[in-house]
Structures are given as structure tokens and as C-alpha cells.
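Data block below; observations after.
In what follows, chains carry the letters A, B, and so on, assigned in the order in which the sequence lines appear, proteins first and then strands, with residues in each chain numbered from 1.
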Amino acid sequence: MKIAGLIVVLLCGCLLIYGTVDFPEWGDPASPASTHVSPYYIETTMEDTSVPNIVTAVLADYRGYDTMFETIVIFCAGIACIFLLRTYTHQAPETRLYRHIPTGIILRIKKGGKLPEDSTDFERVDLQWVPYDLIIKTACRVVVPFVQLFALYVIAHGHHSPGGGFQGGVILGATLILYAISHDLRTTIKRMSEKAVILLSAAGVFIYASTGALCLLFGVNYLDYSGLAAILGVDPVSARSHGILIVEIGVGVAVMAVMVSLYYNLSSVGKQDEGL
Amino acid sequence: MIQQLPAIIVVFPLVMSFFVVVTGLWSKRICFPLVVTAISVCVLSAGIILSSVINQGPIHYWLGGWQPPWGIEYFVDHLNAFMLVAVSLLSLLVAVHSKRSVEQELPEKRSQFWSLFLLLITGLLGITITGDMFNLFVLLEVASLSGYALIAMGQKKAVFASFRYLVMGTIGASWYLLGVGYLYIITGSLNIANLSELLPHMYQSKTVLVGFAFILVGIGIKMALFPLHAWLPDAYTYAPSAVSTTVAPLMTKVMAYVLIRVIFSVFKPYFSIEEIPATTILAWMAAVAIVVGSIYAIAQTNLKKMLSYSVVAQIGYIALGIGLANRFGLTGAVLHIFNEIITKGCVFAVAGAVVYKKSACNTRELENLYRKMPFTMLAFTVGAFSMIGIPPTLGFFSKLYLILGSIDAKQWVFVGILLFSSILNGVYFFRIIQIASFETPMPDYSRGTPYEKVPMDEAPLSMIIPMQIMAAGILIAGIFSADIVSTVIQYVIPEGF
Amino acid sequence: MVDREKQYSHQKQSQPESNQSSLKIPPTKKSRTPFLLTFFVAFATWIVLSGKFDLFHLTLGIISCLIVASFSGDLMLSDTRKKGLPYQWLLFIQYLPWLLYQVFLANIHVMYLVFHPKMMELIDPRIIRFKSRLNREMSHLIFANSITLTPGTITVFVSIYGDYAVHAIDEKCGQSLPGEMEKRVAKILGE
Amino acid sequence: MTWQLDHIILSLVIILALGAITVKDLLGAAILFGAYSFMMCLLWAIMGAVDVAFTEASVGAGVSTVFFVAAVFRTTRRTKD
Amino acid sequence: MNIVSTILLICGLLFFTGGAVGIIRMPDFYSRLHPAGKLDTMGILMTMTAVALYNLHDFSIGTVLSSLKIILIVAFLFITSPTATHAIVDAGVRAGLGPWTKEETKEENDLAT
Amino acid sequence: MDTVFFYSSIYLSIIMAISLYRAVFGPTILDRLIGVNAIGSKTTALLVLIGLIYHRVDLFIDIALAYAMLNFIAVLAASRYFQKRKGLYDETPRD
Amino acid sequence: MNDLVAVLISKYNYWVYIILMMIGFYAIITKKNLVKKIIGMNIVQTAIILFYISIGAKKGATLPIISHGHDAVGHAVHASDYINPLPHVLMLTAIVVAVATLGVALALAIKIYRQYNTLEEDEIHTRIREQ
């Protein structure tokens, strides 16, 4: 098996090397890839969209349709993960650990025992429970707001510096993951419930798709943000720039929600009670 | 508004899929009507697009208002438009058909199911309509990802089958992407129309050759062409019946459509016929696929598994038609794509109905089925006839064109294989029909009354009607196949054939 | 080695007054101070990050800061007492140069160890335990991280009652703990 | 001008890829895969693809490693190859 | 200014070297963390200061802000790096990894001889 | 000055290869984790240096900052595994 | 000989991407462990991304972010000054697709582990046969 695999792989590699022979030189400014389509983007971005970051402009405007489906792919993964893993059937509660908050005593409640579910004196803790780690928790609490602010900054400044909706969304999702890692999954779910996550992921993608659809109402093609000029009250070029920003916000929201939902489901196998 | 239809046909089900998820949080009952509305809009707009293409010629739609080599273009010609109608119509029928079986198999996750279903349809419609190589990749991933998830929720073995599908599918998509990269490095363009203008100057280049090979292999994996079909049978067999009814007719056929696009639109036909013997290799692989698929299908005892192997064989037919690379062959291939979509939809829908009633579809469960579920089996009989190629059905005509094409190409082996495979098809479909028509297979003498009357136990109406429509569609399309060829398919044939 | 049983037993001891600060009970009355403080700190950070002072970007900044403050305003400053906050920051900034100096010393020491050819003979890893009198989360954080940054020591374990276990790379490093650093940290947060 | 740096990082990438698939422990493989994506991020920064580098930094470091660890946590670390 | 930042940069690289060599040379997990956790933080502090100083040579509000951002990275690392080190140590303790001490090696040597 | 930055970044990448030794061959997983952590902190510095080589340091700072933040998360997640599964070599059976 | 070295150096990126592709592909084919397969899959995807980014590289050009920003609409922008942005855009999409695939693949792997209590392919096959 291994040798057969190696042979297949080597054959594939030889084919690839064979194809490499006619490649243009690495970094050649006169190669077809650099001379056919891309000069148009580089030279007209400022006039068309007034966005200095060419990648953002191409991503969200010239090829905005790709990006919409990229967001859909992420959304699809989120839904797929919920579809595959989430368990809704409530089994009889297994063994659970509770901490009595005023005294710090840990109670182990076996199957069938009475659960102090609604009491404020008790706090549920994970079965594979880690004692209160002061340093990590406090450090994460200090760090999380800054990282969130940074993520929002990345989303908002996608026009001028690297970054944009996707990167910011991932970082924003990562802060919630960080919170979940440093505290535990239930605390995070209290802060951001599962319903909210699903709603946000759909809302983010909806912002993108409906921004495009709004353009249809003004008689221009789908995703042609210059049609939004009438609503936004600016000239078509700035309308494109603002359209890109709106779309990036949609991407950010969707990606954040999906990343969080993926983490919720992967780390708890769909039970969403205790995680990593 | 009519100019905007190419965008609406893809975006409307997309937006609906978000609504389905969100409404599913509160009420699962609204999901299904939303789905039907979404797909109905698709059918409607696909119909309008088809008529306008037939009357006014191909449509170019620039997304974002950017001109093609820079922006993304939707390009709708006769082939696309007809594919759009077929895909959306079939998905509407399947959606109605699978309402009950979804309620039975996945009661709690209906909203996610329908959302993923809509995303799958969106992906397939998008693949069909797009005119951009990279956009095709992204849409392909949308369709595939939702497909993986949907397949995995079937029986116990489905998860592992779906995992294998995922791994192979990702390799296929990656190779497609790699091939597109090879074309991009040498031309600098991603638009199909633009590529077909730029490429002819570079047919000698090794890069183009390797890129072409990788695109072919990538699509081959996705469409389960013979040596690369390993993922298909398990995945389609163990999937939930609603999913196999959707994925089996549509997924591989849409990829076959992409294959036609790549070979005849992106590249000029003489490249794949004369510069490299791609079509010849394809034809021979297809011939092997037909024989092997049919033989495997005979050996199966599970109806769905048999049909899955039949998919492998039928993909062989389509690939053979493409590989013959002449007028009749290509006509046969396109006609067979339509035939496959509608017939496989019909046959898998029957399997779904049987699973709904009997919760399995092994050979034992099929006994006495003509008595128990007469309407269902009527549809199955029509579908089986079309698979075998018995005259008034569409399958007969598509095979006829394929045979004519083989004769035209003077490939007598292929003629033999086509005829032989029809016999093989006959063997396995007639075996099912025979089993299903047994009066009482194992007379139960212990009870004293050997010929007990079998009660009728038909599937619900929401399943029967779509199946009957599909069966009728097979016959009608068969009768009017000459019209289909003259209004649609003759424009598909590239120049020089 | 940290004795795991001991950790658990610490949890079980009941010390209500320090529990109030460290074990989170849902706060009964909502104070607006954390929200405002987070907002202003976030806005200052935004200014540094953004570097754009036109109205559009500043509006975006205010919206972002509002989102952050409303979403996680209770995280960063849950433990800070209202009085004398600017003064604390001043003290913290005063603390930094000393810390940097200590960190520098630590690094020179570790560098010396690393590049010494007879390193194996010089180092003598051990775990040191002591009890600190700090009792607030933030001061524990600062103290523990300072320990980790300074001469040859790494905080292995801190309990909420101030029991420290520290891994020291040689004998000399561990001797100075808790020592001066604790006093300075205590001074910052006014303990 | 930066090709030397490019080559060094490329070589490190290959080592890490080999490491990630040969390690006989899934958690180790996940961690090494994280390091692999760090290197990829660096590589793209060197080639001037800032946005891609940013994406890879956020995805590779922040999310995909965590997903791998979560998946390994919920399954097993054992592997035969 | 250039000279100062070059010197700082070289110092930083020296610290990085120390960290890397220390990771290789140290005998056990806990002692490896000393160079990894400390020297790298110091190295980053040095290099970032060098870059921030160098960045200031054409003085404008933009460069000042980007230098401040660089300082922000350092500040951030001063919170996270010790925390990460602590997390790793804690993981080691909970995983049951005993620290290497001199006594053990001595005993082993005694046994060997 | 450019050459200084260029050679220091090359030097840094070579140092990175040394830490890589620990990451690839480390006897235990925690050693690998240390190696990866060390690589991460060097990467942060290297990113800024590359920014200087391109004369666009303001763009690269964002990446470095994001990097510093997210590397922390990855290390925390990996060490969290050991805090919950208390076995370094063999693991306790699932709940 | 010098030519060979020149080719080796000038197309180093392409060689490395081929090697990475082969490594990933090898892992997918021969490794029995599902998570290893997923890692191999990801390596293949990153290899392709490396290939695309190498296409976009341009000697003597700077980052695809126009440096003088808003105040220079009259300022002519020359295409040769900036790196080709299109491959970057495409690859952003490809990275996102890779993450999405990773999420679904890991979910499937977890589900498989729940069912068969193993992640090794051959053991799963024997368990399937036993059922």
C-alpha cells in the first residue's frame, strides 16, 4: 500500500514538474498573469472605488460574487456542523459536578440524583474539571476586550490596511473561543447563546446577499454598489467604497458566528454543555 | 426585471436558506413551504430564461456591472438554460417528494436539512450558470460541502462513506483548482470565454497540457468516472433517501456538464481531439465504466446500491458520448444527461418511497411490491424501461444517438459495448421487476392459506405525484426528443463537427 | 511537585470574604463604571490603532468601542475599585521601569546560564513555595507574571488564597521571593 | 532581494509538513500543523501577499489549531502511523 | 538613531539566540521554559524597540502612531507571554511530568558507578 | 540600514530552525509546544522586520499584532488539553 | 550545470509546492488515521495556495496597497509597481474554503469516532464488516 501510494505520488509529482518547465520565471513582471487582467485592477481601483487596498477592492467589488459564495461556504460549514453533531434529545442527566459557590465545595451528583439547576448558590462545573486557575482567567479577561477591539478595527480598516471582514471575523470569533477556553463553555454560551449564534450567522450572510439584491431595485446589476448611491447620499465612487464596508461587516458577523458555532459543536460533540 | 433573472435564480434560494434556518429556531413547520416557494421561483425564472435564450440568443450577465475578464460573468446559452430548467424542476419534484421522508428520518433537524438542501440546489444552479472558472470552484465547494453533510446523516455506515467522499471530493476540487491555476499562469485570465480566445496560441505549451489533465482528473473524481468512482456507491446507498434522490441525479450530471464545458468551450475541440488524445482515453475509460458498473450493479442485493452502481455505468454513457467527439455522440451525451437527471430522479424516488414504507430496500423488501404499491411501481417500470432503452422512453433515444455516434466514429467496439450493456441493464432491472411482481414468493403453508391476499400499502400522495410526473416526463420527453434536439442541443454542438 | 490533593483541599476551605472577589457571583446591582471605563480605554486604544482622525473613522471607532464595552465591559475591570483609579495607573507606570530592570537582570542571568559550557553543573532546578498576602485577582496576575518574567523563576501554581509554587532554575533565584516585588505590587493596587 | 529568506522559510515549511504527518501522536501533529501554518503565514508576508498572510495568521493560529485540539480532545490521541 | 537601533537589534537577536540555544541545551521541560519564556520576551522587547526607534526617523503623526502600535505589541506580549508560559507549566504539572532535579541525576550516577 | 534588517531577519529565520528542532523532535508533546511557542514569538518579530524590508512597516504591524494575540490562543488551547486529560503518554478513558 | 542551478533556484517556489503537494497526497493515500488524512488534505490545499501566491509574485514591486491613499487621485498608479492582487483574492477564498472543509471533516471524524470508537481506517472497516 505504501509503495503503491509512493508510486502514485511520484507520478503525480513528475507530471507537475513536467508542467513547470514552461512556466514563466518566478517573479517575472512580464508574465501573462501580471500583464493580462491585473493591471486594470491596479490602475483603476482608486478611480472606481477609492479603496487603496487593491485586494479588498477586488475581493469585495470586482469579484464580490466569489466572496459572497466564500461566505456562503463558511455558513454552510456552520450549518453542516450543527446538522451533523448537535444532539437535541435530552438524555437522563449523567453524573454532574456542582460547586457550591459560598463554600467552594464540589458536589458529585450521580445519575438520577436531584440537580440544583436553578439555584444561584450552585455553579455547574465540567466533569474533567480544572481547578480555578487565577492567572489564565484574569489574563484572558484583561486581554479579551482589546482583542475584540482590534478585530473590529481590522474589519473597519480593511480599506486602508490588510484585513477586512473575514480576518476580523475570525479574530472576533477567536476571542470568544479564548473566553471559552479560559473559563468554560457554559459561561460562554450564557454570554452568547446558540440561538444568537445561528441568528447572527444567517444575518451576516443576509447582509451581504441583500446588499446585492438592493442594487437590483435601482436597476443595476447584482452587487453593483454604485446603485446604492441614492440611498447613501454620496457619489457612485464613494457608494462603492461604502458598499464594500457594509459587505465586509456582513462577512465579519457571519464568520464570527460560524467560528463560534463550530467551536461549540466540535468541543462538546454537539451537547453544548462542557467543552475543551 | 427580466434582465436580472440570472442573478435571481441563484440568489433567491440562497436567501431563502437563511430564512429557513432562522425560522427553524422557532417553528419547523414553515420551513417546507419556504423551500417550495424558493424552488418554484427558480423553476419559473429558469423557464423564462430558457424561452428568452431560445428566442433571443445567449444572455451575458455581468455581476457587479464589471466587464468579463475583470468581473465575473454569467453566461447562459442553450445548454445552460436547459440544464437550469432540468435541475430546478427536478429539485422541486424531489423537495415535494421528500417532505414526508425527511419528517420520518430526521424529525429534529428539518430546518438545517432544508437549509442545506437549498444551498445544494444553489450550488448546482450556480455551477450550471457561471462563466468563470474560479467562481465555478467556489460554487462547487458550496454544493459539495452541503452534500457531504447531507449524506452523512443517513444510516450508520453513511458517516464513513461521507468522510471518504469528503476526502476524495476535496482532492478533486483541489486538482481542479490547480488546473485552473496552470491555465491562469499561462494566460492570466479566468473567464471561460476569454480563456477560449487566449488558449489556442499556447496549445503546444506543456503547462496547458498538465493543467488540462488536472482539470479533467478533478472533474472525473467529482463525477465518479470509472477508476475514480470509489466514493460513490457507499455514499449514495447509505444517504437519507431524500438526499440520494437529490444528489444522485443532479451532482454527477452537473459535473458531466462541466466536463462538456471544459472540453468544448474552454478548449477548442481540436485540442482535446487532435493535440492530445484526451477524448479517446475518455471514451475507453467510459467503456470500461459502463461494463464494470453494470456488472457490479447485477451483483447487488440492495436496490439503492444497485442504482448507485447504475449511476457509475450511466456516467460512462455520458463520458462515452463526450469522448466520441462527433455530432451524434455529443447529442447523445447531452440528451443522456437530461435522461439521467429525470430517470435517476424517478428511480431513486421509488427507492425512497420503498424505504419510507419498509425502512429498507433490500431485495426481500421488494417482494410483492406491485400489489402493495402499484403506483410507485408503475413509475419504477417506466424508469427501468428508460434505463434499459425501450422505445418510447427518453433513454432509448439517447442510446440511439450514442450508437449512431459510435458508428460514425467507426468504433465498433463501443457499439458492441452499448448493446451489451443494454442487456446487462435489462438483466438487473428485470430482476427487480420480477421480484416485485411475485404474487407470494414464499407460500406460508403453516398457516393453511397459502395465497393470502396482499393488502395495498401505497406511499403517501405527496410522494406519488412527483414520481408520476417524473415518469410521465420520461415518456413525454422521449416522444418529443426530436424537438429537444432541434431547439436546444443542435446549438450546443461546437463548430467543426 | 504541586500536591493535587492540597489544591482540592484549598478549594474546600471556606473563606467567605476572599471568595467574594474571586468566585464570580452574578452581580446584583449593575454599575455603569466598568462600562464607561472600558469604553474610554478602548477608545484610546482605537486612536492608537486607527491613526485616522476624520469623522467617518471616528464614528466607526465610537460604534466599535460601544460594541466592545457593552459586550465585554464586565470582563476587564470587574475587580477594580472605583476610587483612585488614575493614581493606580500612575503607580503601575512607576512600577514598570523597576520591572524592566529586573527582567533585564533575569535575562542576563539566564543567558549566562545558557551559554555557560558547564551549564549542567550550575543549574539546580527546584520548586519553592511561599504564601503571599495579596488578595486581589489583578494583583495576583501582576505578581505572578512578574515572577515569571524575572530571575530564573516561573510561577507554577497560584491558588486564590495566595499560595504560590515557583519553579526556580537555581538556588540564588529563588531566595529573593516574595521580597521586594510583592511589596511593590501591593503598593500599586493599594493593599 | 528577499529570496534567501524565502528559501530558508520554504525549507522549514517542508520539514514541518513532514513532521506533522509522521508524528505518532495526534495532538503533536495538530501542534506541528499549527507551526506549519505560522510558517506559511510568514512565507506569504515575504512574498507580499499581506492579506493572505493576515488570513492565514488568524485562521492557522487562532482557529484551525483550536479546532484540531478540540477534535483530538473529543476523540483520541492514539494513532498507528 | 540608526546606530542605537542597530545595537538594540543586535542585542535582541542575541537574546533570541540564547532562547533557541537554551531550548536545545536545557535538560528538562521545566528548565527549558526559562529560556523560552524569558529570553524570547526580552528579544522581542529589544527588537521592537529598535524598530520603533528606527521608525521615528522621519517624524510625523503617522510614524509616531505606528511606533506606538509596535509598543502595543510589546505590551501585549508582556501580558500574554508569561501567561502562556504559566499555562504550559500548569499543563506539565497536571499531566504529571516531574521536574528534573540535581539529586536524581546524582543518584543515577551513583547507581551507575 | 536595509541590509542590517535583511541580515537580521535571515539570522532570525536560522534561529527559528533551531527552535524547530525542539518542535519536531521534542521527546514529549509539551516540549513540542515550547518549541512552537518559541517559533511563534520569533515569527512576530520577523513579520515586523519584513515590513521594514518592504518599507511598509505600518501594514505589517497589524499582522504581527494579530499574530501575537492568536498564537496565545493556540498555546492555551493545547495546554488546556493537558489540564483536562491528565495523562502525558496514555490517556484516561473517555467519560 | 550552472543552468541547472539557476533553474533550481529561480523556480524554487514551484519545486517546494510540488514537494508539499506530494507530501500531502502521500499522507492522504497511505495514512490510516483519519485526522492524519485531514492534515494531509490541508497540506495539499496550502500547497495550492503557495502555487497561486507564487504566480502573483513580481520582482521589484511592492504590496498591493496603494501607498499614497486618498490624497492622490491625480497620481498615476503604475501596474508594474504593485504585486498582482488577483491571486491573493482567489487564495483568500481558497483559505476560507479550506477552513470550512476542515470544520466539516473534523465533525465527521468526531461522529465516526462516536460510532466505531476508533479513528483508524482499517479498524473501522473491520467494525463495519462485523455489524
- Message: Treating B:S162 as the side-chain partner and B:A158 as the backbone partner, does any N or O pair qualify as donor plus acceptor under 3.5 Å?
- Response: no
- Of all the heavy-atom pairs spanning B:L195 and B:M133, show the shortest one and how long it is. CD1-CG, 3.7 Å
- Contacting moiety of B:F212, where chain A heavy atoms sit under 4.5 Å: neither
- Under 3.5 Å, is there a donor-acceptor pair between the side chain of A:T56 and the main chain of A:G158? yes
- Message: Checking the side chain of B:T130 only, and the main-chain atoms of B:Y74 only, is there a donor and an acceptor separated by less than 3.5 Å?
- Response: no
- Answer yes or no: is there a donor N or O on one side and an acceptor on the other, between the side chain of A:Y41 and the main chain of B:W70, under 3.5 Å? yes
- Side-chain donor/acceptor of A:S193 to backbone N/O of A:K190, under 3.5 Å: no
- Note on the structure: When the 4.5 angstrom heavy-atom criterion is applied to B:V10 and chain A, the contacting part is side chain
- Message: Can you tell me which portion of B:F214 sits under 4.5 Å from chain A's heavy atoms? Options are side chain, backbone, both or neither.
- Response: side chain
- Item | N/O donor-acceptor pair under 3.5 Å between B:S115 side chain and B:S111 backbone | no
- Given A:V58, A:L223, A:V73, the one with more heavy-atom pairs under 4.5 angstrom with chain B than any other is A:V73
- B:F18-A:F75 aromatic ring centre distance below 6.0 Å: yes
- Give the member of B:L139, B:V159, B:L209 that has the highest number of heavy-atom pairs under 4.5 Å with chain A. B:L139
- Item | Interchain contact, B:L119 with chain A, by part (heavy-atom threshold 4.5 Å) | side chain
- Message: Is the ring pair B:F113/A:F83 parallel, tilted or perpendicular, if the boundaries are 30 and 60 degrees?
- Response: tilted
- Toward chain A, the part of B:V138 with a non-hydrogen atom under 4.5 Å: both
- Task: Could you tell me which of B:F19, B:F12, B:W62 has the largest number of non-hydrogen atom pairs under 4.5 Å with chain A?
- Result: B:W62
- With a 4.5 Å cut-off on heavy-atom pairs, point out which of B:A149, B:G211, B:A7, B:A152 contacts chain A the most. B:A149
- Message: Report which part of B:S144 has an atom under 4.5 Å of a heavy atom belonging to chain A: side chain, backbone, both, or neither.
- Response: neither
- Check whether A:V220 gets within reach of chain B through its side chain, its backbone, both or neither, counting any heavy atom under 4.5 Å. backbone
- Task: State yes or no: are the ring centers of A:Y62 and B:W66 separated by less than 6.0 Å?
- Result: yes
- Query: What residue, out of A:D48, A:T35, A:L16, has the most heavy-atom pairs lying under 4.5 Å from chain B?
  - Reply: A:L16
- Message: Quick one about B:Q3 and B:Y61 (side-chain donor to acceptor, distance below 3.5 Å, no hydrogens or angles considered), yes or no?
- Response: no
- Query: What option among B:D132, B:L145, B:L198, B:L150 has the most heavy-atom pairs under 4.5 Å with chain A?
  - Reply: B:D132
- Looking only at B:G71, B:A213, B:S205, most heavy-atom pairs under 4.5 Å shared with chain A are made by B:S205
- Message: Does any backbone or side-chain atom of B:V15 lie under 4.5 Å from a heavy atom of chain A? Answer side chain, backbone, both or neither.
- Response: side chain
- Message: If you count heavy-atom pairs within less than 4.5 Å of chain A, which of B:V22, B:L116, B:V208 leads?
- Response: B:L116
- Message: Please check this pair: side chain of B:S27 against backbone of B:T23, looking for a donor-acceptor N/O pair closer than 3.5 Å.
- Response: no
- What heavy-atom pair brings B:G169 and B:K222 nearest, and what distance separates the two atoms? O-CE, 3.3 Å
- Residues of residues 181-191 of chain B within contact distance of chain A, non-hydrogen under 4.5 Å: B:Y182, B:Y184, B:I185, B:I186, B:T187, B:G188, B:S189, B:L190
- Donor-acceptor under 3.5 Å (B:T246 side chain, B:A242 main chain): yes
- Query: With respect to chain B, which residue among A:I82, A:V21, A:I72, A:L199 yields the maximal number of heavy-atom pairs within a distance under 4.5 Å?
  - Reply: A:I72
- Message: Would you call the rings of A:Y65 and A:F69 parallel, tilted or perpendicular, taking 30° and 60° as the class edges?
- Response: perpendicular
- Query: Given that the side chain runs from C-beta out, which part of B:Y148 has a heavy atom under 4.5 Å from chain A: side chain, backbone, both or neither?
  - Reply: neither
- Item | Portion of B:L63 that has a non-hydrogen atom of chain A nearer than 4.5 angstrom | both
